[in-house]
2 protein chains.
Amino acid sequence: MRLKQAFDGEEGGETKRRLLAAAINVFAEQGYNAATLREITSAAGVNIAAVNYHFGSKQALMRAVFHRLARPVNELRLKLLDEYEEQAGGRPLSLEQILDALFRPIVFLSRERKTGGFALVRLIIQVRALPQPFMNSVLSEQFDPVASRIVDALCRSLPHLTREEVFWRYDFALGAMLHVISDADRGLRRLHRLSGGLCDTDDPARITDELIRFVVAGMRGPGQDQTSRKAGEERDAANTRAVT
Amino acid sequence: MRLKQAFDGEEGGETKRRLLAAAINVFAEQGYNAATLREITSAAGVNIAAVNYHFGSKQALMRAVFHRLARPVNELRLKLLDEYEEQAGGRPLSLEQILDALFRPIVFLSRERKTGGFALVRLIIQVRALPQPFMNSVLSEQFDPVASRIVDALCRSLPHLTREEVFWRYDFALGAMLHVISDADRGLRRLHRLSGGLCDTDDPARITDELIRFVVAGMRGPGQDQTSRKAGEERDAANTRAVT
DNA sequence: TTAACTTTCAAACATGCGTTTGAAACAGGC
DNA sequence: GCCTGTTTCAAACGCATGTTTGAAAGTTAA
């Protein structure tokens, strides 16, 4: 067997590795459209033709970046779920445990530039904001399994809610998390600024703490069939006053 | 007085108006970086030199777009707050009223392509995901006043929370909303797909209903000093088991 | 009608992009 | 050492972009 083949694994050789690492950073900072291959290859210290040689195209490089970053995070989340399920011995997981698996890996990693967590979060937010059709399959492949697993666990943990309601709340929870961690990643740091410095958006433990408290309460809030009729009527009247 | 000067207002002449309208659509669909002036001018049926003549640059055009879109929405939100405050006659607004002002204009408008609500939401999400420094001032100018007003109202409505906690929860609520409305705007329609069609992400009333119910519960959840010591200890132990 | 200003236009500028090409360098096995 | 395949390289390709330019067309007031 050739030594080169033994060394070639998922990460490829030195050039491929450096290229991937540089792409992670540049795509995260600039976004796909504004990132240029010349900038990436310059940061990697390799020749621009290497992109086509090792990855085939800019698009393929972006997909490789995403695959590289998302897999470890989601493996970790699934692993946390596994551990909690083993502890639970067949009973439903607690809501806190589920949210821990949903949030903590991402929130903490979003503060980790070395491991790529920072970049992953940036990229998730970016592809969500501006879809790239060529990314659809890698996103589904990486994120759908863990989403389904979490929703299933939530349904068992929150029997007062319909499955539909759980899906809505899952989406809200995800949005709340992505929103707060994306805020800290930007020059403006809006929440920190708006709050006059009260909110320390650099502290993942603080973020997780506040986030879980909010989401736990939101998740445990009543479902539609438990909301009072009076509140429902007031809301209908408010909706009748059209936005114009 | 020249007739041209009378006609020139904020909207400018026909060419400027068409250019702005086309830019709204193209920027929203493509994002700032991928949108080209040739595409915009082609859609507007004007010459490419008109961009520089009427707006000065691509960046300035983008700022003008944002200014054009954000102002009516925020005026509406402030107006809703005014009305609710007038009704309240000096007492704190109910949480539902505050959230109505926070969410409903944007959620409903996000379904309105004609009024630009759709485009505005898309643009907000995009500039958040990938900051453009040249947009910072227009964003602050347009959104900070209403944010501060809402946080103030929330503080009065939720006296069990510190001002810091209110800011966190405001941010989570905003994130939840932006996340769910951005989902429906994209080819994949993830929530609809993941939920096997259960969640109708085209229905603004449904979105608002579920969103408000979740956020009301989340906002009313206990603050940090009301959370049980046992839950806190369990969380500390979980944090000690490091992510890797 | 003329003059002054405004607006629009086609063409060009200056630069840049992702991709390709063919040769050189490298690596490894026989 | 030779051969084969792999990898890297500089240059080029084919095309695109935002901005500028100078002239033409349009508008308006005197």
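When reading the values below, keep in mind they use all heavy atoms of this one structure, side chains included, and skip hydrogens, waters and symmetry mates.
With distances taken from any side-chain atom of B/Ile48 to the nucleotides C/dG18, D/dT19, D/dC9, the minimum falls on D/dT19. Closest contact between the side chain of B/Tyr53 and the listed nucleotides C/dT20, D/dG18, C/dT8 involves C/dT8.
For C/dG16, the base has no donor-acceptor partner in the side chain of A/Arg38 [N/O atoms by modelled type, under 3.5 angstrom].
Look at CG on B/Leu37: it is 16 Å from P on C/dT8, rounded to the nearest Å. Remark: C1' of C/dT21 and CG of A/Asn52 are 10 Å apart, rounded to the nearest angstrom. When rounded to the nearest whole Å, the span between CZ of A/Phe55 and P of C/dT19 equals 13 Å. Rounded to whole Å, atom P of C/dT8 lies 13 Å from atom CZ of B/Arg17.
A sub-4.0 Å separation between OP1 or OP2 of D/dT7 and a side-chain N or O of A/Thr15 is absent. Of the side-chain N and O atoms in B/His54, none sit less than 4.0 angstrom from OP1 or OP2 of C/dT6. In terms of phosphate contacts, A/Asn47 brings no side-chain nitrogen or oxygen within less than 4.0 Å of OP1 or OP2 of D/dT7.
Screening residues 17-41 of chain A for ring-ring contact (aromatic ring centres under 6.0 Å, His included) gives A/Phe27-A/Tyr32, A/Tyr32-A/Phe134 as the qualifying pairs, with residues at least two apart or on separate chains.
Using a 4.0 Å heavy-atom distance criterion, B/Ala50 is classed as making no nucleic acid contact.
Residues from residues 23-35 of chain B placing a heavy atom under 4.0 Å of any atom in DNA chain C do not occur.
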Check against side chain to side chain contact (heavy atoms under 4.5 Å, CB included), A/Phe55 and A/Leu20: CA-CA 9 Å; A/Phe55 296 97; A/Leu20 199 52; 4.1 Å; yes
What verdict does the side chain to side chain contact (heavy atoms under 4.5 Å, CB included) test give for A/Arg104 and A/Ile212, after you've listed the backbone C-alpha separation in whole Å, the side-chain angles of each residue and the deciding distance to 0.1 Å? CA-CA 10 Å; A/Arg104 198 157 47 93; A/Ile212 287 184; over 6 Å; no
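The residues B/Arg206 and B/Glu210 are annotated as salt-bridged, a charged nitrogen and a carboxylate oxygen being separated by less than 4.0 angstrom. Taking the charged nitrogens against the carboxylate oxygens, B/Asp152 and B/Arg163 do have a contact shorter than 4.0 Å, which makes a salt bridge. A salt bridge does not link B/Arg190 to A/Asp171: none of the charged nitrogens lies less than 4.0 Å from a carboxylate oxygen.
Between B/Phe214 and A/Phe214, the ring-plane angle classifies as perpendicular under the 30° and 60° cut-offs.
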